[in-house]
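Letters A, B, ... mirror the listed sequences (proteins, then strands); counts begin at 1. Keep in mind the model is a prediction, meaning the values are calculated, not measured.
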Amino acid sequence: MSSLAADPAEHTLGAWAQAARSLGIVSQPSWVRHFRSDALGHFEAEGFPAPGEDAWRHMGLDALLKTAWKPAEDLSRIELPAGSGIEIKGWEDLGRLPEASAARASAGPFAHLNAALLTRAVSIRAPRNICCLQPLNFTPSLPDRTPAGWMIHPRASVLLEPGSRLDIVLDLSRLPDSEGLLNLVMDIELREQTALNLVITGADTDRILSLIDISVLQGRDSVFRFFCLETKGRQNRVELSASLEGANASTDLFGLALLGETSRAFHHYRVDHRVPHTQSQQIFKSVLSGEARYEYDSLVTIHPEAPSCSSEQLNKNLVLSDGARAYARPQLAIHTDEVQCHHGATVGQMSAEELLYLRTRGVDPAAASALILKGFVDDLLKEIPVSSAAAGLQRRAHARLIGIAR
Amino acid sequence: MSALLKISGLTVRVDGKKILNGLSLEIGTGEVHAIMGPNGSGKSTLSKVLAGDPRYTIESGSVTYEGKDLLAMTPEDRSLAGLFLAYQYPVEIPGVNNASFLRMAYNARQKSRNLDEVDPYEFEMLLKERARLVQVPEEYFHRAVNHGLSGGEKKKNEMLQMALLEPRFAVLDETDSGLDIDALKIVAAGINRLRGPEKSILMITHYQRLLNYIEPDRVHVLAGGRIVKSGDKQLALELEARGYDWVLAEAAVADLNAASGRS
């Protein structure tokens with residue numbers, strides 16, 4: 001943190017800390033107050049990332065820091081069909097910190113801020129051997145007519161007890177179409193032989209900044225599958241870290257960013273293989289037009305004590321306009337032998353050769369482009385792990401493709 | 001018989017290099033012509049220019065098709081007007097379903113003729129019928145366009161497209177290359193079934209063997225970017241037996257005579 005009082009971030013830091021303190025007077029269990037004040041302490045000690053810091057160099061912090069965000073009423077909803085066996089509780093009803101949040105290894109400045117400013121906190125627990133076939137819908141939202149400049153800091157702590165299974169759909173498309181900041185944290189702990197599918201439907205407006213921070217701790221034989229569809233957003237940041245700590249744990253991360261105009265999305269993934277016989281796979285694609293930006297930054301680390309692991313990272317980007325940019329950074333850090341790891345990335349334009357081939361069969365250029373783009377994304381859309389959400393996401397993706405290809 | 005396609009003095013450059021150099025050729029309705037020639041003579045360039053590949057720069061000359069200026073038409077308009085290029089190297093389009101693409105191409109043609117577009121079920125029936133005609137297995141329908149197909153399978157897929165789109169004028173660019181003898185017979189039989197009194201074909205080939213199965217009305221030798229000799233199917237047999245050198249030598253002598261006549 002800079003010690004210069006003239007640093008604009010310093011003023012903002014103070015303002016945000018003040019906002020956190022003012023919220024602290026709300027009656028809450030003492031452990032929640034301690035959790036928040038500890039987080040505030042961490043935040044004040046660490047501060048915001050330095051300008052130009054690697055992880056923030058493409059997104060920058062200007063948009064985040066130059067607005068005086070005001071905490072707003074957080075009406076984020078969690079919906080689950082009755083009789084599912086899943087337990088959902090607000091933190092105010094718990095006697096202690098949820099285990100998944102307690103297991104969180106590290107946190108960045110915005111995760112600390114989330115804890116300090118908590119506007120809504122829930123604990124989601126799938127008891128042992130409960131398999132929930134209907135998805136749990138987590139929908140951040142605010143009251144109608146919330147003035148622009150709002151911010152909310154929801155947090156969900158998710159624990160799957162051994163043998164359980166759960167689908168979660170995090171839907172950001174219900175957020176209001178006004179300037180605002182969503183700073184959401186999910187702490188997930190998957191015990192042995194569990195399966196969690198998590199689907200994120202990104203914001204449907206270019207006025208919102210969203211920061212989604214997800215940490216996943218995986219036990220033996222656990223399966224985590226993730227899919228994120230981005231179609232709009234002023235600045236959408238996803239930071240997801242998965243720590244594979246039990247043998248045969250596997251993580252599949254998929255994402256599709258279909259962005260036009262000034263939409264921007266910045267995705268950062270960290271996967272740590274900490275024990276032998278763990279697998280991870282990542283496939284991320286983007287189609288960009290206008291002045292859109294998409295960043296895929298991924299680091300897979302195979303730790304020294306984790307031979308016999310496999311990992312794949314693939315990032316493909318189609319850039320349709322001169323003004324759009326894709327930043328691809330798949331990274332591998334291998335600290336042992338006998339692993340199978342692949343990584344690759346492509347950034348390119350639509351193939352003129354493919355386009356011509358279709359045109360020589362009588363297909364007009366617009367239809368030919370749409371067909372090629374659909375072909376580019378459709379294999380990924382088959383990977384949406386929550387079947388009840390798949391059709392809606394596919395429709396949304398196809399509609400967005402038509403919009404950005406124009 | 002009036003020419004379906006008339007090429008006059010066509011000179012074409014790609015990346016600044018002159019590839020076609022005053023090429024002239026006429027193909028009548030219902031005729032099958034073959035163009036043969038050594039490597040680098042401009043055979044594939046001619047096929048790409050006819051299909052409308054924008055990478056080629058037309059320096060001079062003209063091409064009329066059904067009396068219209070072909071070079072002024074977009075690639076899709078050429079296709080809708082009945083021109084079909086069977087690619088030497090059919091393009092792979094990962095992720096794009098072959099049947100969806102073929103239905104889109106077929107319906108574009110229907111629309112251009114003010115006919116009703118066909119729904120997926122009707123189209124599947126039609127596609128099955130055409131696939132039988134050219135002996136293409138139905139498994140091709142649901143694969144990505146040319147993706148993961150062998151060279152021979154790609155050529156068969158081109159024949160399926162040709163059977164579906166029923167072109168009035170087909171340019172077959174080295175359709176025989178990469179085919180074993182069995183595949184060649186199947187592809188040639190398919191082409192023969194698609195022949196008709198109103199349909200013309202221009203076959204571009206390096207070897208004579210395709211012409212054993214598809215009999216041409218005329219055979220031309222392309223060298224140095226222009227037609228240097230034309231004849232009937234006997235010319236192909238002669239080229240097979242003697243190679244191209246004697247034709248090139250004849251052409252060089254003719255050029256010298258023409259030059260000395262002018263001087």
Side-chain angles (χ1 to χ4, degrees), chain A residues 229 254-258 283-287 312 314-318 320 344-384 390 393-395 397-398 400-402 404-405, chain B residues 47-56 73-113 117 143-147 154 157-158 160-162 164-167 170-171 173:
Chain A
L229 174 67
F254 303 108
L256 187 56
L258 308 173
I283 306 176
F284 287 81
K285 290 187 178 182
S286 77
V287 180
E312 276 186 58
L314 180 65
N315 175 222
K316 289 185 167 186
N317 304 281
L318 268 186
L320 305 181
T346 60
V347 179
Q349 298 170 322
M350 199 185 306
S351 160
E353 205 177 22
E354 293 177 12
L355 202 56
L356 178 66
Y357 185 75
L358 297 181
R359 292 179 69 191
T360 63
R361 278 23 180 174
V363 180
D364 71 64
S369 301
L371 194 64
I372 291 168
L373 293 178
K374 189 170 175 295
F376 180 72
V377 305
D378 271 0
D379 60 337
L380 202 47
L381 289 172
K382 289 178 191 148
E383 302 290 351
I384 297 169
L393 257 67
Q394 285 163 359
R395 270 197 304 277
H398 288 154
R400 188 69 189 121
L401 264 188
I402 293 167
I404 61 174
Chain B
S47 72
K48 294 282 175 61
V49 168
L50 293 177
D53 190 328
R55 286 172 293 188
Y56 297 87
M73 295 163 75
T74 62
E76 57 274 19
D77 285 343
R78 297 179 199 205
S79 169
L80 296 175
L83 188 146
F84 180 88
L85 168 63
Y87 277 63
Q88 181 181 3
Y89 302 109
V91 178
E92 294 190 12
I93 312 184
V96 173
N97 176 278
N98 207 17
S100 302
F101 152 58
L102 293 174
R103 190 164 76 90
M104 189 178 267
Y106 186 81
N107 277 337
R109 196 163 257 73
Q110 292 288 97
K111 199 174 161 192
S112 75
R113 293 170 188 173
E117 297 186 9
R143 296 170 73 162
V145 178
N146 295 321
H147 189 60
K154 287 177 185 168
N157 202 31
E158 295 287 281
L160 175 61
Q161 293 175 37
M162 189 171 156
L164 186 73
L165 302 178
E166 299 183 299
V171 180
D173 188 1

Colleague: Please check if the number of heavy atoms outside B:Lys154 that lie under 6.0 Å from its NZ is greater than 12.
Modeller: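 Result for NZ/B:Lys154: enclosed.
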Colleague: Between CG of B:Asn97 and CG of A:Asp378, what distance do you get to the nearest 0.5 Å?
Modeller: 9.5 Å
Colleague: Assess whether atom CD of A:Gln349 is packed by more than 12 heavy atoms of other residues, nucleotides or ligands within 6.0 Å.
Modeller: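 Atom CD in A:Gln349 is not crowded, with 12 or fewer foreign heavy atoms closer than 6.0 Å.
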Colleague: Please give me the minimum heavy-atom distance between B:Met104 and A:Val363, naming the atom from each residue.
Modeller: SD-CG1, 3.6 Å
Colleague: With a 4.5 angstrom heavy-atom cut-off, is it the side chain or the backbone of B:Asn146 that approaches chain A, or both, or neither?
Modeller: side chain
Colleague: Angle between ring planes, A:Tyr357 versus B:Phe101, binned at 30° and 60°: parallel, tilted or perpendicular?
Modeller: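 Correct class here is tilted.
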Colleague: Where do A:Asp364 and B:Glu76 come nearest, in terms of heavy atoms and distance?
Modeller: CA-CG, 4.3 Å
Colleague: Only pairs of heavy atoms separated by less than 4.5 Å count here; which of B:Tyr106, B:Phe84, B:Tyr87 has the most with chain A?
Modeller: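 Most heavy-atom pairs under 4.5 Å with chain A: B:Tyr87.
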Colleague: Only pairs of heavy atoms separated by less than 4.5 Å count here; which of B:Ala108, B:Pro167, B:Ala105 has the most with chain A?
Modeller: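 Answer, by heavy-atom pair count under 4.5 Å with chain A: B:Ala105.
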Colleague: Looking only at heavy atoms, which two atoms of A:Gly362 and B:Ser79 are closest? And how far apart?
Modeller: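 Nearest pair, atom of A:Gly362 first, then B:Ser79: N-OG, 3.0 Å.
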Colleague: Can you name the closest pair of heavy atoms from A:Leu356 and B:Pro54 and give their distance?
Modeller: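 Scanning both residues completely, I find the closest heavy atoms to be CD1-CD, 4.1 Å.
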Colleague: Got a second to check how far A:Arg359's CZ is from B:Asp53's CG, nearest 0.5 Å?
Modeller: 10.0 Å
Colleague: Pick from B:Ile93, B:Leu80, B:Leu83: which one has the most heavy-atom pairs with chain A under 4.5 Å?
Modeller: B:Ile93
Colleague: Looking only at heavy atoms, which two atoms of A:Arg361 and B:Leu85 are closest? And how far apart?
Modeller: NH1-O, 2.7 Å
Colleague: Taking atom CD of A:Glu353 and atom OH of B:Tyr89, what is their separation to the nearest 0.5 Å?
Modeller: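 Taking CD in A:Glu353 and OH in B:Tyr89, the distance rounds to 12.0 Å.
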Colleague: Given a strict heavy-atom distance threshold of 4.5 Å, which part of B:Arg78 is in contact with chain A: side chain, backbone, both, or neither?
Modeller: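 Contact with chain A: none, neither part.
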Colleague: How far apart are the closest heavy atoms of A:Leu371 and B:Val96, and which atoms are they?
Modeller: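 Residues A:Leu371 and B:Val96, closest heavy atoms: O-CG2, 3.3 Å.
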